[in-house]
Amino acid sequence: MAKKQVLTAIDVGTTKVCTLVGEVAGDGDIRVLGVGITPSGGMHKAMVVNIDEAKEAIRESIKKAEQTSGLRIESAYVGVTGRHIASMNNHGVVAITRQDRMVRTDDLKRVLDSARNVKIPTGHKLLHAIPRAYAVDGQPGVKNPVGMYGYRLDVETHIITAATTAVQNLVKCVRGVGVDIDELVLEPIASAEAVLSEEEKEMGIVLADIGGGTTDICVFKEGSIWHTAVLPVAGYQMTRDIAIGLGLPFDVAEEMKKRYGSVMPIHEVRDEELEMISRDGHGVSYQELCDIVRARVDEILRLILLELPQSNYETIVPAGLVLTGGSSNLPGIDLLGREILRLPVRVGVPQRVGGINDMLGDPAYATAVGLVLWADKNRNAAKKRSRFNFSFKNIINQLTRFFR
Ligand SMILES: Nc1ncnc2c1ncn2[C@@H]1O[C@H](COP(=O)(O)OP(=O)(O)OP(=O)(O)O)[C@@H](O)[C@H]1O
Ligand SMILES: [Mg+2]
């Protein structure tokens with residue numbers, strides 16, 4: 001069994017920064033050693049807009065996680081998302097020219113390199129090239145071709161790119177507080193690790209993380225990632241609509257949304273629909289508040305659906321939709337989802353999390369928990385890279401860490 005290793009994840013969200021220190025057991029259970037959750041600063045729609053403010057929030061979150069774990073955080077897996085994310089599927093092919101025609105690990109690397117060779121949008125950098133399926137001598141559906149015999153190896157990959165400047169700003173904030181980056185991971189891919197089962201991914205399923213600033217979408221089919229997208233609408237826009245629609249200050253609207261907001265389909269709403277609710281001297285109708293939230297959630301669910309081909313989406317994702325992110329706490333969101341999609345819909349809360357996990361049983365923490373799980377799955381590759389990463393930049397990082 002692989003040795004357990006302490007891993008750190010930082011989810012720099014639009015509304016909160018969550019740093020998680022944990023170790024993953026062989027069976028996929030996480031033992032949480034430290035958590036640091038702080039309100040975000042300097043972020044808009046999941047992107048850094050003020051380096052100093054973002055850095056302060058990250059520093060605070062890391063400090064808390066260090067205090068609770070008693071460990072010094074030197075490097076972390078960091079989530080990235082935002083409207084700038086682009087994705088595409090690409091194909092790679094190589095010949096197996098060796099005498100024995102057996103596929104080796106080297107060939108996997110070569111065929112992935114060939115699939116990576118796509119035209120990346122100007123100003124973007126490659127974030128992930130994820131192999132989806134291999135074919136050996138034209139025989140598709142091969143999950144692991146190593147050890148098979150053939151003349152030709154094909155791979156289908158899902159390529160994800162991000163705007164270079166958006167990534168540079170995030171990296172600058174994290175490195176600026178003396179923490180090195182093990183790997184940048186697209187946030188919905190991380191969330192999926194925390195809440196989807198292998199069977200669901202095999203059948204076909206959508207994950208949508210409805211956070212504060214963005215709704216991150218990830219579609220899985222035949223066990224692998226098939227499509228990713230980021231929508232620039234989420235909880236912040238719901239609160240803004242409530243604030244404008246009902247004439248409330250933003251923070252009162254946010255409080256009211258979290259306390260009373262519901263998207264129960266109309267026929268499920270009980271007597272409270274006639275009630276007036278009030279907060280800090282502001283009174284509004286429960287019905288009006290819920291109408292605004294429901295209209296926004298309805299719109300977001302329909303936008304999620306638009307990411308799938310309209311003609312046969314039921315056959316592509318028969319396992320339905322799993323919702324994560326803080327906004328999926330809205331009561332009735334699963335029912336409304338079922339009405340719109342006519343497929344199973346559930347809210348995904350991170351499971352199998354032990355240790356000091358009191359706050360993590362909330363869909364808002366699926367990304368941070370998933371980052372640790374993703375890191376555990378991919379750590380060997382990262383370790384190999386970091387072994388050769390003894391650069392001037394690293395020395396600077398060590399010094400920054402020392403003075404922190
Ligand atoms: N009980 C609740 N009811 C309604 N909305 C909620 C509730 N709890 C949290 N939210 C909303 O969830 C959002 C924050 O979710 P989350 O923590 O997943 O976002 P984030 O990760 O910071 O942002 P993003 O991923 O978009 O960058 C806020 O808009 C907040 O209002
Ligand atoms: Mg988030």
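For the single chain, residues carry numbers from 1 onward in sequence order. When a ligand or atom number is given, it counts from 1 through the structure's own listing order.
Which of Ser40, Gly213, Gly79, Pro39 comes nearest to atom 26 (O) of ligand 1 through a heavy atom is settled by distance: it is Gly213. Nearest-residue assignment for atom 24 (P) of ligand 1 (options Thr14, Val230, Thr81, Asp209; heavy-atom criterion): Thr14. Scanning Ser327, Ser328, Gly235 for the heavy atom closest to atom 11 (C) of ligand 1 points to Ser327. The closest heavy-atom contact to atom 10 (N) of ligand 1, among the options Pro363, Gly326, Ser262, comes from Gly326.
Taking a cutoff of 4.0 Å between a charged side-chain nitrogen and a carboxylate oxygen, Asp113 and Arg116 qualify as a salt bridge. Ion pairing between a basic and an acidic side chain is recognised when a charged N comes within 4.0 Å of a carboxylate O; Arg346 and Asp334 show no such pairing. Electrostatic pairing of Lys64 and Glu60 does not count as a salt bridge here, judged by no charged N lying under 4.0 Å from a carboxylate O. Using a cut-off of 4.0 Å between Lys/Arg side-chain N and Asp/Glu carboxylate O, Lys63 and Glu66 are scored as not salt-bridged.
With hydrogens left out, the protein atom closest to atom 30 (C) of ligand 1 is Glu254 OE2, 3.3 Å, a heavy atom. Looking at atom 22 (O) of ligand 1, its nearest protein heavy atom turns out to be Thr15 OG1, 2.5 Å. Among all non-hydrogen protein atoms, the one lying nearest atom 21 (O) of ligand 1 is Lys16 NZ, 2.9 Å. Atom 13 (C) of ligand 1 has as its closest protein heavy atom Gly211 O, 3.6 Å.
Contact annotation: for Met238 versus ligand 1, there are no heavy atoms closer than 4.0 Å. At a 4.0 Å heavy-atom cut-off, ligand 1 does not touch Ala234 at all.
For the pair Gly212 and ligand 1, the shortest N or O to N or O distance falls below 3.5 Å. Taking any N or O of Asp216, backbone or side chain, none lies under 3.5 Å from an N or O belonging to ligand 1.
Considering Glu288, Arg294, Gln287 as possible partners of Cys290, the one that fulfils the side chain to side chain contact (heavy atoms under 4.5 Å, CB included) test is Arg294. Evaluated for a side chain to side chain contact (heavy atoms under 4.5 Å, CB included) with Met256, the options Asp251, Leu289, Thr239 yield exactly one hit, Leu289.
Between Ile96 and Arg152 the shortest heavy-atom distance is CG1-N, 4.2 Å. Listed here is the closest heavy atom pair of Cys18 and Ala368: SG-CB, 3.6 Å.
For NE2 of His124, the number of neighbouring non-hydrogen atoms (other residues, nucleotides, ligands) closer than 6.0 Å is greater than 12. For Arg110, the CZ atom sits in a packed shell: over 12 heavy atoms of surrounding residues, nucleotides or ligands are nearer than 6.0 Å. For Arg338, the CZ atom is densely surrounded, since the number of other residues' heavy atoms within 6.0 Å is greater than 12.
Taking every heavy atom of Lys257 and a limit of under 4.0 angstrom, the matching atoms of ligand 1 come to 5 (N), 11 (C), 29 (O), 30 (C), 31 (O). For ligand 1, the atoms sitting less than 4.0 Å from at least one non-hydrogen atom of Ala364 are 17 (O), 18 (O), numbered in the order shown with element in parentheses. Each of the atoms 1 (N), 2 (C), 7 (C), 8 (N) of ligand 1 lies under 4.0 Å from some heavy atom of Asn329. Of all atoms in ligand 1, numbered sequentially from 1 with element shown, those under 4.0 Å from a heavy atom of Ala46 are 27 (O). Atom numbering of ligand 1 starts at 1 in the shown order; those under 4.0 Å from a heavy atom of Tyr236 are 29 (O). Residue-ligand proximity, Gly325 to ligand 1, at heavy-atom distances under 4.0 Å covers atoms 18 (O). When each atom of ligand 1 is checked for a heavy atom of Thr214 under 4.0 Å away, the hits are 26 (O).
Ring orientation note: the planes of Phe250 and Tyr236 are tilted relative to one another, at an angle of 30° to 60°.
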